[in-house]
Amino acid sequence: MTKTAQHPSGTITTGPHSTSQHGTGPDDTGKASGHHHAKRSFPDFILWSIAVLACLWIALCTSVGPIYRADGSIADYSWGNALILIVSFAVCFTCIIVLYRWSQHAGQARMQADGSLTAPAGACSAVRKWLRRGDRPGGKLEGFRHTVIRCTDRWWKVAIILLVGWLWAYVSLLVAFGADIHSQINEFNLWWANLQGISLPYKDGFTQMDVYPTAHYLWPDSPTYLTNQHNIVLTMLYGGVVAVFRALTGSDDAGLVALAGVQLVFAAFCCSVTADRFFTFGKPQRISARDDGSLQTGSRAGAFARLAVLACFLLSPLAIFSTISLTKSPLFAFAFVWWLGIWYQLLQGRRERDKGGTPASLVIAMTVATVVMLLSVKYALYIVAVQIVLALITDRRRWRVYVISLLIPLIAFEAMITVLVGTGTIINGDPIESKGIQLQQIARVAQRNPQGIPEEARKALDPIVDLDAMGREYFPNDADRVKSSGTAGKVTTYRWRTVTAEDMTRFNGAWLQIGLRNPVLYLDAFLAKTYGYFDVTDPPYVSMGYYVNNDYVQVSSTWIKNWAHGWRNTVAQSARNWGNTPVVGVVTHGNFWVVLTLLLLGAQLVLKRWRSLAYQFPLLLLMGVMIIAPANNFERHMLPVAFSFAFIALAFWHESRVQGNQVPEKPHGDKLMA
């Protein structure tokens, strides 16, 4: 028996042989239009192959986790590890298939739920009616939904909710920090003292620049105490604010607390404006009331989705601790979330703005967000550069917007750094910082097979590093130990005082020579330093809780250490206890959200949602940053991905409901790929 129903896009017939207007109805999900299927079979195979590789990578990292936590080798890989790999891959790939199939059917299900199509009779229909009893005007569920949506229908309302929800952390913990901000403050202090004519050691004595360390061949002849090891603008900002408060109060602590307060407000702003954009699916509009008292919300997220997003930020230790943690990664993460929301609104409202142009407020917002990202972390340069290329390929009509908001800030920032380094105003960052994986690989060989280092490679590396010291200091989770990062009493592994630029040109060749002799050890070093970012069973090497109660906060500070000292320990320990709880603890770990994000990106890929991938691609680049980061499973490197997941998941749900039964557009000319 065939039934017909009216739908805004035309009459749709439902029945055993029916198809939707777009040719991909519920009966032909896996076989949409034979000729389309034939034409797209090879591209589909490529896309699914990439998704399979992503699942295999997650499964591999999960399966080797037990090996490297026991300080073993890939040579110890057993049938037990293979079983973990198979199960992990099955779980991951099943997730992508479920997302894919659900998305294919979601549009049809939405029409059925709206009454546009006749829903199937039976138990499902009965359950649906039961769930909707409280959803009628005047019902309890409707009243609750009304309240939630009303309380979150403006960005400033969301900001107030977040600020109130986070206030306990700021009031009771004040601030969280580690070694980085102390280094930045010390750099500023030395620079200021040098300006006052105070005689300070430079190359003839140990100073702040030797802590990282930064090779002396990079230091200009004229003494300068500022570096781009940490972003120079952030160094000047942190150092300057703390210096002002030190002059007023006699210690650095008040300045640190003030900076934490500013970051808390910035975090609330970034998360709230982004939430507002995703709650309205990139097309902000006012909520109006119907005559019967119910809400007319248009295309807006429901109460449950809004509560879920808020819960991700109000309950997660990752987010709570990040709001007051004065290290560069949280600042970048919140700016990135702001940036992501702007991209979403730009691409979602593309068709509407083709006639009227892009609002100036959106261009200004993207420009400011880009600048904050560039000023926070050095790798933002690559994120922005790649996104410029992607934007100009996928949305050429708006090239002026991207030139103003992305290209000009990028060029201006790089020009500023080049001028400051060229004039000897600051010391450039040491290139050894980008060689963490290579250093770990060389150090592992030096520790476990020193006789496997070719003599030629040993001679080439001798002016750069002390191979014997590297072997002694090698630690699989952290490359800082083999590049001499630490206190003045550290073991010298990197010969930063005497190495030259010419010596460094021989580094890569020597590294390759050693690797050809020791491929298994090189693979071990690589996996041991990276697997934790994609293994949800691996506890964090350094969690965000570290910044709450380390010795810099609890011992070395002036008066912060006396402010709720025991409570600070209790909060950090409670977060650790939650994280160590089987199953439920994984939601507190950054790698859980990284894995979910990678799987969601895989689903977007096989669904050919190019517009979504256009603004979500930076998340994949950030996963690359994690891999080359100095340490394994370092939670602060995962923050931008963890904070973005709730938003992109909401966007995925909406796009599936709206376009789940439509054939994706092909890129053509200046049109953005849909």
Side-chain angles (χ1 to χ4, degrees), residues 156-182 185 238 241-242 244-246 248-272 275 307 309-331 333-334 337 539-540 542-581 584-585 587-590 635-636 639 642-643:
W156 57 266
K157 294 181 182 180
V158 179
I160 291 175
I161 292 172
L162 292 177
L163 283 172
V164 171
W166 288 335
L167 191 60
W168 71 267
Y170 184 56
V171 171
S172 63
L173 302 176
L174 300 179
V175 63
F177 55 88
D180 285 356
I181 194 168
H182 275 292
I185 292 171
Y238 286 168
V241 169
V242 170
V244 170
F245 277 90
R246 187 190 312 118
L248 296 174
T249 65
S251 77
D252 294 349
D253 290 19
L256 295 172
V257 174
L259 287 171
V262 173
Q263 182 166 295
L264 178 77
V265 174
F266 180 72
F269 169 78
C270 292
C271 294
S272 61
L307 290 174
V309 170
L310 289 174
C312 287
F313 288 97
L314 292 176
L315 302 180
S316 170
L318 279 174
I320 296 171
F321 295 156
S322 295
T323 59
I324 57 172
S325 293
L326 296 180
T327 181
K328 55 195 173 185
S329 298
L331 180 62
F334 289 120
V337 166
V542 178
S543 69
M544 289 307 298
Y546 160 79
Y547 296 98
V548 172
N549 70 334
N550 57 67
D551 285 350
Y552 295 102
V553 179
Q554 293 283 63
V555 177
S556 302
S557 58
T558 304
W559 55 264
I560 290 176
K561 62 186 178 184
N562 298 319
W563 183 280
H565 185 96
W567 168 250
R568 186 181 292 271
N569 290 331
T570 299
V571 170
Q573 186 59 48
S574 297
R576 282 192 291 270
N577 292 341
W578 182 8
N580 292 332
T581 304
V584 297
V587 299
T588 70
H589 299 161
E635 280 198 328
R636 68 182 177 90
L639 295 179
F643 295 166

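Reckoned from all heavy atoms, side chains included, excluding hydrogens, waters and symmetry mates. Please read these numbers as outputs of a predicted model, since none were measured by experiment.
Inter-residue side-chain proximity for Val542 and Arg636 is flagged as unmet; no heavy-atom pair is nearer than 4.5 Å. Considering only heavy atoms from C-beta on, Ser316 stays 4.5 Å or farther from Phe643 through its side chain. The side-chain heavy atoms of Val257 and Phe245, taken from C-beta on, include no pair separated by under 4.5 Å. Using a 4.5 Å heavy-atom threshold, the side chains of Phe321 and Tyr547 count as separate. When side chains are defined from C-beta on, Cys270 counts as touching Phe266, because their heavy atoms get closer than 4.5 Å. By the 4.5 Å heavy-atom criterion applied to side chains, Phe177 and Ile324 are not counted as neighbours. Proximity of Leu310 to Leu162: side-chain heavy atoms (C-beta onward) are separated by under 4.5 Å at one or more points. Contact check for Gln573 versus Asn549: no side-chain heavy atoms found under the 4.5 Å cut-off.
Distance check, rounded to the nearest 0.5 Å: CG of Leu173 to CH2 of Trp563 gives 11.0 Å. Here CG of Leu256 is found 13.5 Å from OH of Tyr552. Values are rounded to the nearest 0.5 Å. Here the CG-OG distance, from Asp551 to Ser557, works out to 10.0 Å after rounding to the nearest 0.5 Å. One distance of note links OG1 of Thr570 with CG of Asn577; it measures 10.0 Å at 0.5 Å rounding. Put simply, OG on Ser556 and NZ on Lys561 are 7.5 Å apart, with the number rounded to the nearest 0.5 Å. A distance of 8.0 Å separates CD in Gln263 from OG in Ser322, rounded to the nearest 0.5 Å.
Residue Ile320 comes nearest to Leu314 through the heavy atom pair CD1-O, 3.4 Å, listed as atom of the first residue, atom of the second, then distance. Taking each heavy atom of Val175 and Arg568 in turn, the nearest pair found is O-NH1, 3.0 Å. Heavy atoms only, all atoms of each residue included: Pro317 and Thr588 are closest at CD-CG2, 4.2 Å. Of all heavy-atom pairs between Val158 and Ala275, the closest is CG1-CB, 4.2 Å. Nearest heavy-atom pair across Met544 and Pro330 is CE-CG, 4.1 Å. When all heavy atoms are compared, the tightest approach of Ala254 to Trp559 is N-CZ2, 3.9 Å.
Distance alone, capped at 3.5 Å, is enough to place a donor-acceptor pair between the His589 side chain and the Gly579 backbone. Side-chain atoms of Asn550 come within 3.5 Å of backbone atoms of Val553 as a donor-acceptor pair (strictly under, hydrogens ignored). Judged by distance alone, the side chain of Trp156 and the main-chain N or O of Ser272 form no donor-acceptor pair under 3.5 Å. Of the possible donor and acceptor atoms, none in the side chain of Asp180 sits under 3.5 Å from a partner among the backbone N and O of Thr327. Checked by atom type and distance alone, the side chain of Arg246 never pairs as donor or acceptor with a backbone atom of Asp252 at under 3.5 Å.
A donor-acceptor pair shorter than 3.5 Å cannot be found between the side chains of Trp166 and Thr323.
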### Task
For side chain to side chain contact (heavy atoms under 4.5 Å, CB included), just list the numbers for Leu167 and Leu163, CA-CA rounded to whole Å, side-chain angles, deciding distance to a tenth of an Å, and then say yes or no.
CA-CA 6 Å; Leu167 191 60; Leu163 283 172; over 6 Å; no
